[in-house]
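Reading through the structure tokens given below for one structure.
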Amino acid sequence: ATTPAQAGANLRKAQKAFEDAIVKMPNNAYAQAMLADVLQGQGKDDKAIQVLYQLLESEGSSGTGVDLRMMLGDLLAKKGKKGEAVTQYTKASEEARIDVGSHRMLATKFKSVGRADLAAKETAIADDYENKLKVLQEQQQKKKPPRAPSGTPAASLVPVDCQFIEFVIQMCHTQPL
């Protein structure tokens with residue numbers, strides 16, 4: 001078992017290792033993300049916020065990461081910066097596309113910062129996707145796969161499921177890219 005003192009020492013070592021990695025490779029998104037997580041674990045929220053803003057909002061950054069944006073939003077909300085938290089949660093929602101779990105988590109986060117309207121939107125996105133998927137799965141259950149005549153390669157009989165492809169395309173187009 002790790003003692004609190006050992007855990008603290010391990011976090012400090014991890015912080016130094018990630019900071020060293022960033023010095024060597026300033027655009028190392030993995031090291032920046034991990035540094036932010038370590039800083040948050042140490043209660044150094046202001047530094048974690050700074051690292052996450054650098055990672056997500058600086059010129060030349062890819063600016064993506066649903067989990068990172070949720071982490072930044074959580075840290076901002078904890079600091080009482082609800083408007084900035086909502087901005088980060090909104091960006092996370094846009095990046096989540098058809099990730100139902102993320103939309104459900106965001107609904108909870110929006111509620112926590114007093115935005116029931118945005119929480120309802122997230123819930124509606126997740127519900128809509130799940131309902132469409134359920135209908136599609138029910139339609140798929142009704143179809144019976146073709147039986148291959150002996151000597152026929154099975155791969156040549158796999159039907160292209162146009163309904164599923166159309167469903168995925170529709171869901172990608174209804175969610176901001």
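Just the heavy atoms: all of them, side chains too, but no hydrogens, waters or symmetry mates, feed the values below. All figures in this text were calculated on a predicted structure; none of them were measured in a lab. By convention here, the first residue in the shown sequence is residue 1.
Separation of atoms CE (Met34) and CD (Gln32) is listed at 13.0 Å; rounding is to 0.5 Å. Taking CG of Asn131 as the reference point, atom CG of Leu136 lies at 12.5 Å (rounded to 0.5 Å). Rounded to the nearest 0.5 Å, atoms CD (Gln139) and NZ (Lys142) are 7.0 Å apart. Rounding to the nearest 0.5 Å gives a distance of 11.5 Å between CG of Leu52 and OG of Ser58. Atom NE2 of His103 sits about 8.5 Å away from atom CD1 of Ile98, to the nearest 0.5 Å. Atom CG of Leu106 and atom CZ of Arg115 lie 13.0 Å apart (nearest 0.5 Å).
The pair Asp99-Arg104 does not count as a salt bridge, with every side-chain nitrogen at least 4.0 angstrom from each carboxylate oxygen. For the pair Asp128 and Lys132, the salt-bridge criterion is met [side-chain N within less than 4.0 Å of a carboxylate O].
Hydrophobic clustering of Ile, Leu, Val, Met, Phe, Trp and Tyr side chains at less than 4.5 Å, counting indirect connections, unites Val38 with Val51. Hydrophobic clustering, with ILVMFWY side chains joined whenever heavy atoms are under 4.5 angstrom apart, keeps Leu118 apart from Ile125. Tyr30 and Ile22 fall within a single hydrophobic cluster, where Ile, Leu, Val, Met, Phe, Trp and Tyr are joined by side-chain heavy atoms under 4.5 Å apart, directly or via other members.
Gln50 CD: 12 or fewer foreign heavy atoms inside a 6.0 Å radius.
The shortest non-hydrogen separation linking Ala85 to Val113 is CB-CG1, 4.4 Å. For the residue pair Ser102 and Val66, the shortest heavy atom distance occurs at OG-CG1, 3.6 Å. Residues Ala48 and Ala36 share a closest heavy-atom pair of CB-O, 3.6 Å.
Taking Lys111 as the reference, nothing meets the salt bridge (Lys or Arg N to Asp or Glu O under 4.0 Å) condition, with sequence neighbours excluded.
Proximity of Gln40 to Lys78: side-chain heavy atoms (C-beta onward) are nowhere separated by under 4.5 Å. You'll find the side chain of Glu57 reaches within 4.5 Å of the side chain of Gln88, heavy atoms only. Residues Tyr53 and Ile49 meet the side-chain proximity criterion, which asks for heavy atoms closer than 4.5 Å.
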For residues 2-18, which side-chain N or O atoms pair as donor and acceptor with protein atoms under 3.5 Å away, sequence neighbours left out?
{"residue": "Thr3", "atom": "OG1", "partner": "Gln6", "partner atom": "N", "Å": "3.1"}
{"residue": "Thr3", "atom": "OG1", "partner": "Gln6", "partner atom": "OE1", "Å": "3.4"}
{"residue": "Gln6", "atom": "OE1", "partner": "Thr3", "partner atom": "N", "Å": "2.8"}
{"residue": "Asn10", "atom": "ND2", "partner": "Gln6", "partner atom": "O", "Å": "3.4"}
{"residue": "Arg12", "atom": "NH1", "partner": "Gly8", "partner atom": "O", "Å": "3.3"}
{"residue": "Gln15", "atom": "OE1", "partner": "Gln42", "partner atom": "NE2", "Å": "3.3"}
{"residue": "Gln15", "atom": "OE1", "partner": "Lys44", "partner atom": "NZ", "Å": "3.1"}
{"residue": "Gln15", "atom": "NE2", "partner": "Glu19", "partner atom": "OE2", "Å": "2.9"}
{"residue": "Lys16", "atom": "NZ", "partner": "Asp20", "partner atom": "OD1", "Å": "3.3"}
{"residue": "Lys16", "atom": "NZ", "partner": "Asp20", "partner atom": "OD2", "Å": "3.0"}

For residues 70-77, which side-chain donor-acceptor pairs fall under 3.5 Å, sequence neighbours excluded?
{"residue": "Asp74", "atom": "OD1", "partner": "Tyr89", "partner atom": "OH", "Å": "2.6"}
{"residue": "Asp74", "atom": "OD1", "partner": "Lys109", "partner atom": "NZ", "Å": "3.0"}
{"residue": "Asp74", "atom": "OD2", "partner": "Lys109", "partner atom": "NZ", "Å": "2.8"}

